[in-house]
Amino acid sequence: MYAQMVKSEATNDDPEKLAEFQAKIDADIKIEPKDWMPQGYRKTLIRQIGQHAHSEIVGQLPEGNWITRAPTLERKAILLAKVQDEAGHGLYLYGAAETLGVSRDELTEMLLDGRMKYSSIFNYPTLNWADIGAVGWLVDGAAIMNQVPLQRTSYGPYSRAMIRICKEESFHQRQGYDAIRKMAEGTPEQKKMAQDALNRFWYPSLMMFGPSDKDSVHSAQSMAWKIKINTNDELRQKFVDQTVPQAEYLGLTVPDPDLKWNEERGHYDFSEPDWSEFFDVIKGNGPCNTDRLTARNKAWDDGQWVRDGLLAHAKKKRARHLAAE
Amino acid sequence: MKNEWPLWEIFIRGQHGMSHRHVGSLHAPDAEMAIKNARDVYTRRNEGVSIWVVEANNISASSPSDKGPLYEPSESKVYRHPTFFDIPDEVGAM
Ligand SMILES: [Fe+2]
Ligand SMILES: [Fe+2]
């Protein structure tokens, strides 16, 4: 997902306090910033929310790539609004992470020097306009699958950020589907582009949910703490079941010869993505890893004088104000 | 990092006649920029008609460990609720 393979931290706390804490979580009582919490809970959340925030921010790059080249003024305004929303999502999540005792600049530094990750999906390029439709439809669609249950997560600030995000997310998926539908229903060349975009984004979208976590100790702890609500496989299956009919409506073919409805299970059977590709992308070897981090570093460095200048101005104004009193 | 902008807590009045409600936080160099940023972050879909910003370190909060001493005394004072009193039907609405 936007937060993939988040390692959960072992916890070394007073067993009595731990039991009390777990009882609160089991009773669906939200944990708030000043409440006692296990070290592992705090650290795992910082990692997970931070990774989620970084994904929102880096995720602006593949779409921002097409803002100036959108086919109409209306599409351009829509895409601009969508990308602006993603900046807001990043901000809500950084805000939630900060309540755990890490600063936003610290988180930013960890993204910029590679100590923290963002979702593998944003290391794939957006080659043409059809890709922008596919991203909204599939990537935001997959994000929604994960974010909707996270509205019920145990950590109050995280839960409230997710509620705010989910309110805005449906627009993202619908504008994407609308854009790719225009192409699927257009000229034969346009339809071909739509199919090509689906071909390239299908498996990377399935990878967003992360590898199967059936046997993972980490995810068991995170689920007990309610900072992970569903298993990766559950969400991936839900995503496939939802998306296949949407592709059929467009007259597009999901690029999986083994995809078929399983009457008995009441779900689609489908092929797993190539997990070696996923681990390779996570390691930094995807098609756009270098580009993405270079762009983020450049934006940070180029913005330094603005941040410094505004702060200097604010300090001067405050000093003048105090002198006048 | 040395020069981080301070954190501001943002409160929005959703519609006229309602109170301001806490919606989240953001970083800004001063109050004026905090209001501008809050406009962009928290009211892009008509969510507000008025914005308050407060620098986060100016907020004092009660501590979770005081929950008992602070709020338990009110639990035993049921007579503060109107339903504590039986009013005869003959008296009519009260
Ligand atoms: Fe988002
Ligand atoms: Fe989105």
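Letters A, B, ... are given to chains in the order of the sequence lines, protein chains preceding strands, and every chain is numbered from 1. Only a predicted model underlies this, so the values are computations on that prediction, with no experimental measurement involved.
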Tell me whether A:Lys316 at atom NZ has more than 12 heavy atoms from other residues, nucleotides or ligands lying less than 6.0 Å away. no
Applying a strict 4.5 Å limit to non-hydrogen atoms, the region of B:Ala61 in contact with chain A is both
Can you give me the closest heavy-atom contact between B:Ser25 and A:Leu91, atom names plus distance? O-CD2, 3.4 Å
Using side-chain contact (heavy atoms from CB on, under 4.5 Å), reason through B:His22 and A:Arg160 one step at a time and then give a plain yes or no. CA-CA 11 Å; B:His22 182 244; A:Arg160 292 190 285 274; 6.0 Å; no
Which region of A:Glu98, side chain (C-beta onward) or backbone (N, CA, C, O), has a non-hydrogen atom less than 4.5 Å from a non-hydrogen atom of chain B, or is it both or neither? side chain
A:Leu310 versus B:Trp5: any side-chain heavy-atom pair under 4.5 Å? yes
Please determine whether a side-chain nitrogen of the Lys or Arg among A:Lys317 and B:Asp30 lies less than 4.0 Å from a carboxylate oxygen of the Asp or Glu. yes
Under a 4.5 Å cut-off applied to non-hydrogen side-chain atoms, are A:Arg164 and B:Val41 in contact? no
Should we count NZ of A:Lys167 as having more than 12 external heavy atoms under 6.0 Å? no
What do you reckon, is CD of B:Glu32 surrounded by more than 12 foreign heavy atoms closer than 6.0 Å? no
Tell me, out of B:Met33, B:Arg45, B:Lys67, who's got the most heavy-atom pairs with chain A below 4.5 Å. B:Arg45
Is it the case that the side chains of A:Ser103 and B:Glu4 hold a donor-acceptor pair, with the cut-off being a distance below 3.5 Å and no angle test? yes
Sub-4.5 Å side-chain heavy-atom contact between B:Pro6 and A:Leu311: yes
Working to the nearest 0.5 angstrom, can you tell me the gap between B:Ser65 OG and A:Lys34 NZ? 8.5 Å
Tell me if the CG atom of B:Asn46 is crowded by more than 12 foreign heavy atoms within 6.0 Å. no
Has A:Trp36 got more than 12 heavy atoms of other residues, nucleotides or ligands less than 6.0 Å from its CH2? yes
Rounding to 0.5 Å, atoms OH (A:Tyr94) and CG (B:Leu7) come to a distance of 15.0 Å
Could you report the tightest heavy-atom contact between A:Asp85 and B:Arg44, atom names first, then the distance? OD1-NH2, 2.5 Å
